[in-house]
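Scroll down for the structure; my scribbles are underneath it.
Below, all heavy atoms of this structure are taken into account, side chains as well, without hydrogens, waters or symmetry copies. These numbers come from a predicted model, not from an experiment. All residue numbers refer to positions in the sequence shown, counting from 1. Atoms within each ligand, like the ligands themselves, are counted from 1 in listed order.
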Amino acid sequence: MSFLVLKKLTKVYGSRPAVDAIDLSIEKGSLVCLLGPSGCGKTTTLRLVAGFIDPDGGEISVGGKRIAAKGASLPPERRNMAMIFQSYALWPHMTVGQNVAYGLEIRKVAKADLKKRVDAVLALTKLSTFIDRYPGELSGGQQQRVSLARALVVEPEILLLDEPLSNLDANLREEMRFEIRRLHDEHRRTTVYVTHDQSEAMTTADLIVVMNQGLIEQAGSPEDIYSRPVSEFVARFIGGTNILKGARTGDRAVDVGGGLVLHCGNGDLAPQGATAVSIRQHDIRLAPDKPTDGLNWAPGRVARQTYLGANRDYLVTLASGETVRTVTTPEIAIAQGSEVWLHFPPERCRALAR
Ligand code: ADP
Ligand code: MG
């Protein structure tokens, strides 16, 4: 059931909408990632949900009740939400225990209950042994866990996280992704998680919402977004892909130039005229010899070949002058300048109407 619903939600700064009439329905208990490049409107969306800013148009509702519309928004403290920022924003002069207890104290939670809840959330976030330390005595990852604990302890109906891992180093970031997913699985709190990192979104999210210039390009499961991107923007943003632009020639065929017509096994073709085909790097097959059968083969020349241990990375120039990128197993070693044949399996060629 839809729980957090954004309807035509809009926020304009100057003359440009930072969030442009977006519609989004979020199920209760799910973890949704807003994913997109810097400046696409992720933080603005989150701040609208939290109530730090007022929409210029549209509305937000939670559980069927409207909480925000232009000039008629509930203040943040009357929304049962907690937001975690990129900077952990811990109180430096308070211990871990005091930082976590703070939100309960201002809500006037009784002492005995307070202690029980703080202990429980510290156990959950694996911080029990750090209860008397100050933030300055903790690593970045531990501080980030304290900020999570502090948000979780107030038992918000909705948890909002804005690039919570971007201040951590790469190893820790990877570990914390799983940690966030584990914490989510324990409590199933409705969560909106903002990131510009696609693997972070793939690891944590039930639903990924790809944003671009204040608009939602696509919303779907990680698998949907990766395997069935609807636009060139999404295909490029999520994982390595080749985009070959061309024109529709037949039922499911696109002429991409240089004598190559690609038959597309999936996706949506533009009704007529210009269209594009997306194919992932690891889906293109590379062969040294001319094949004897099949559709979607094209000759090319190796422009560059790089050995990467687990695989090889090839750049191959096609007759049209376009260069495509493909990865092979490491045993396939073909020198730069050699002629090769590429196979674009039709079922892996995805036509992009947009
Ligand atoms: P993201 O979080 O995806 O990087 P933001 O939501 O922060 O993007 O910003 C979206 C757009 O709105 C950007 O172009 C940004 O410059 C603009 N913007 C955000 N906040 C403000 C503000 N307070 N005043 C003016 N412009 C803003
Ligand atoms: Mg941001």
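Heavy-atom proximity to atom 14 (O) of ligand 1, evaluated over Arg47, Arg16, Lys42, Glu163, is greatest for Arg16. Heavy-atom proximity to atom 13 (C) of ligand 1, evaluated over Gly39, Cys40, Ala18, is greatest for Gly39.
Surrounding CZ of Arg182 are more than 12 heavy atoms belonging to other residues, nucleotides or ligands, all under 6.0 Å away. In Glu157, the CD atom is crowded: over 12 heavy atoms of neighbouring residues, nucleotides or ligands sit closer than 6.0 Å.
A donor-acceptor pair is defined here as one N or O able to donate and one able to accept, closer than 3.5 Å; no such pair exists between the side chain of Arg181 and the backbone of Thr203.
Of the protein's non-hydrogen atoms, the one nearest atom 7 (O) of ligand 1 is Thr43 CB, 3.7 Å. Among all non-hydrogen protein atoms, the one lying nearest atom 17 (C) of ligand 1 is Tyr13 CD1, 3.9 Å. Scanning the protein for heavy atoms near atom 5 (P) of ligand 1, the closest one is Thr44 OG1, 3.6 Å.
Using a 4.0 Å cutoff on heavy atoms, Ser38 counts as a contact of ligand 1. Residue Met211 places every heavy atom at 4.0 Å or more from ligand 1.
By the 30° and 60° cut-offs, the orientation of the rings of Phe233 relative to Phe237 is parallel.
At a cut-off of 2.8 Å, Thr43 coordinates the Mg ion (ligand 2) through an N, O or S atom.
In this model, no donor atom of one side chain and acceptor atom of the other lie less than 3.5 Å apart for Asp255 and Thr249.
Paired with Ile158 under the rule side-chain contact (heavy atoms from CB on, under 4.5 Å), one option of Leu4, Ile26, Asn80 passes, and it is Leu4.
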